[in-house]
Amino acid sequence: MSTLRQRHAQEDVASLLDESEQDAVIQELAVQSARARRQTQLCMTPLGACLALLYLYFAGQALVDPWSIRHHAELRDVLRPLAIAAGDLGSSIAVAAGTWAVAAYCNQSEHQGRAILRPVVVLATLMAVFWSLGILKMLRLRGFVLDGAWRMFWLPAAPAVWTLITLSVINTVGAVERDLRALRAARYRFRHI
């Protein structure tokens, strides 16, 4: 029995990494994490910027030529052009702020990225409610006949979905960073027996 324990103890000692091997593993994981953060930032930032600029364009069009965009024209009977412009502007700000939070978090500015998340979630939720109420009023005026109104369901969904994607990305990046910190803290001193 004692020889079996000695053999297991020798196998355990043989599987332990010395300090330089631990550092090498941690460094490799840190490099992979940095690469993943950079790729995430390069993917999310242009997409978010394009979506925010699209909403900004919609807001400008609502002020300049109120009914030239299809979803604005559909809401003609229930919302004023200024309300539509405010909704588009709010959606643009929510998407841009969420994108900024991802970019800040990927640049290892965790506090800046986390600080803006609550206002982003609140604003995206408010915009989803605003657009949903506008669509609901429009449907009520039409006698709840969908008749092409289904094409407008992206209005309340887009800022909310973008915010959920943003939260998912930030939580994933944060989990990897927490794991790396835990791995660095769990380093052990290797001693030859």
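- Among the candidates Val102, Asn171, Val121, the single residue satisfying the side chain to side chain contact (heavy atoms under 4.5 Å, CB included) test with Thr166 is Val102.
- Taking CE of Met152 as the start and CD1 of Ile135 as the end, the distance is 4.5 Å to the nearest 0.5 Å.
- Atom CD1 in Ile165 sits 12.5 Å away from atom CD1 in Ile170 (nearest 0.5 Å).
- Rounding to the nearest 0.5 Å places OG1 of Thr99 at 10.0 Å from CD1 of Ile116.
- Contact detail for Gly134 and Leu75: the closest heavy-atom pair is O-CD2, 3.7 Å.
- Atom CG of Leu82 is surrounded by 12 or fewer heavy atoms from other residues, nucleotides or ligands within 6.0 Å.
- Cluster annotation: Val169 is connected to Val161 through the hydrophobic network of ILVMFWY side chains, with a link wherever side-chain heavy atoms come within less than 4.5 Å.
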Side-chain polar contacts of residues 172-184 - donor-acceptor pairs under 3.5 angstrom, sequence neighbours left out - could you list them?
residue, atom, partner, partner atom, Å
Thr172, OG1, Ser168, O, 2.8
Glu177, OE2, Ser33, OG, 2.7
Glu177, OE2, Arg37, NH1, 2.6
Arg178, NH1, Gly174, O, 3.4
Arg181, NH1, Glu110, OE2, 3.2

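- Neither side chain, Asp65 nor His72, offers a donor N or O lying under 3.5 Å from an acceptor on the other.
- Atoms CG and CZ, on Leu123 and Arg118 in that order, are 15.5 Å from each other to the nearest 0.5 Å.
- Pairing each heavy atom of Ala158 with each of Tyr55, the nearest pair is CB-OH, 3.3 Å.
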Ile69 and Phe58: side chain to side chain contact (heavy atoms under 4.5 Å, CB included), yes or no, with the steps?
CA-CA 8 Å; Ile69 296 176; Phe58 288 158; 3.3 Å; yes
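- Annotation for Trp67 and Pro81: closest pair CZ2-CG, 3.7 Å, computed over non-hydrogen atoms.
- Considering only heavy atoms from C-beta on, Tyr57 stays 4.5 Å or farther from Ser92 through its side chain.
- Hydrophobic clustering (side-chain heavy atoms under 4.5 Å, transitive across Ile, Leu, Val, Met, Phe, Trp, Tyr) keeps Trp100 apart from Leu54.
- Using a 4.5 Å cut-off between side-chain heavy atoms of Ile, Leu, Val, Met, Phe, Trp and Tyr, with links allowed through other members, Met138 and Phe153 fall into the same hydrophobic cluster.
- Across all their heavy atoms, Val120 and Ala94 have their closest contact at CG1-O, 3.8 Å.
- Residues Leu63 and Phe130 are members of separate hydrophobic clusters, defined by side-chain heavy-atom contacts under 4.5 angstrom among Ile, Leu, Val, Met, Phe, Trp and Tyr.
- In this structure, CE in Met127 is found 11.0 Å from OG1 in Thr163, a value given to the nearest 0.5 Å.
- Transitive grouping of hydrophobic side chains (ILVMFWY, heavy atoms separated by less than 4.5 Å) brings Met44 and Leu117 into a common cluster.
- Evaluation of the side chain to side chain donor-acceptor pair (under 3.5 Å) rule for His71 yields no partner, not counting sequence neighbours.
- Residue pairs meeting the side-chain hydrogen bond (donor to acceptor under 3.5 Å, both in side chains) criterion with at least one partner in residues 121-138, sequence neighbours excluded, are Ser91-Trp131.
- Side chains of Gln41 and Asn107 form a contact here, defined as non-hydrogen atoms less than 4.5 Å apart.
- In this structure, CG on Leu141 lies 13.5 Å from CZ on Arg76, to the nearest 0.5 angstrom.
- For the pair Val95 and Trp162, the tightest heavy-atom approach, listed with the atom from each and the gap, is O-NE1, 3.5 Å.
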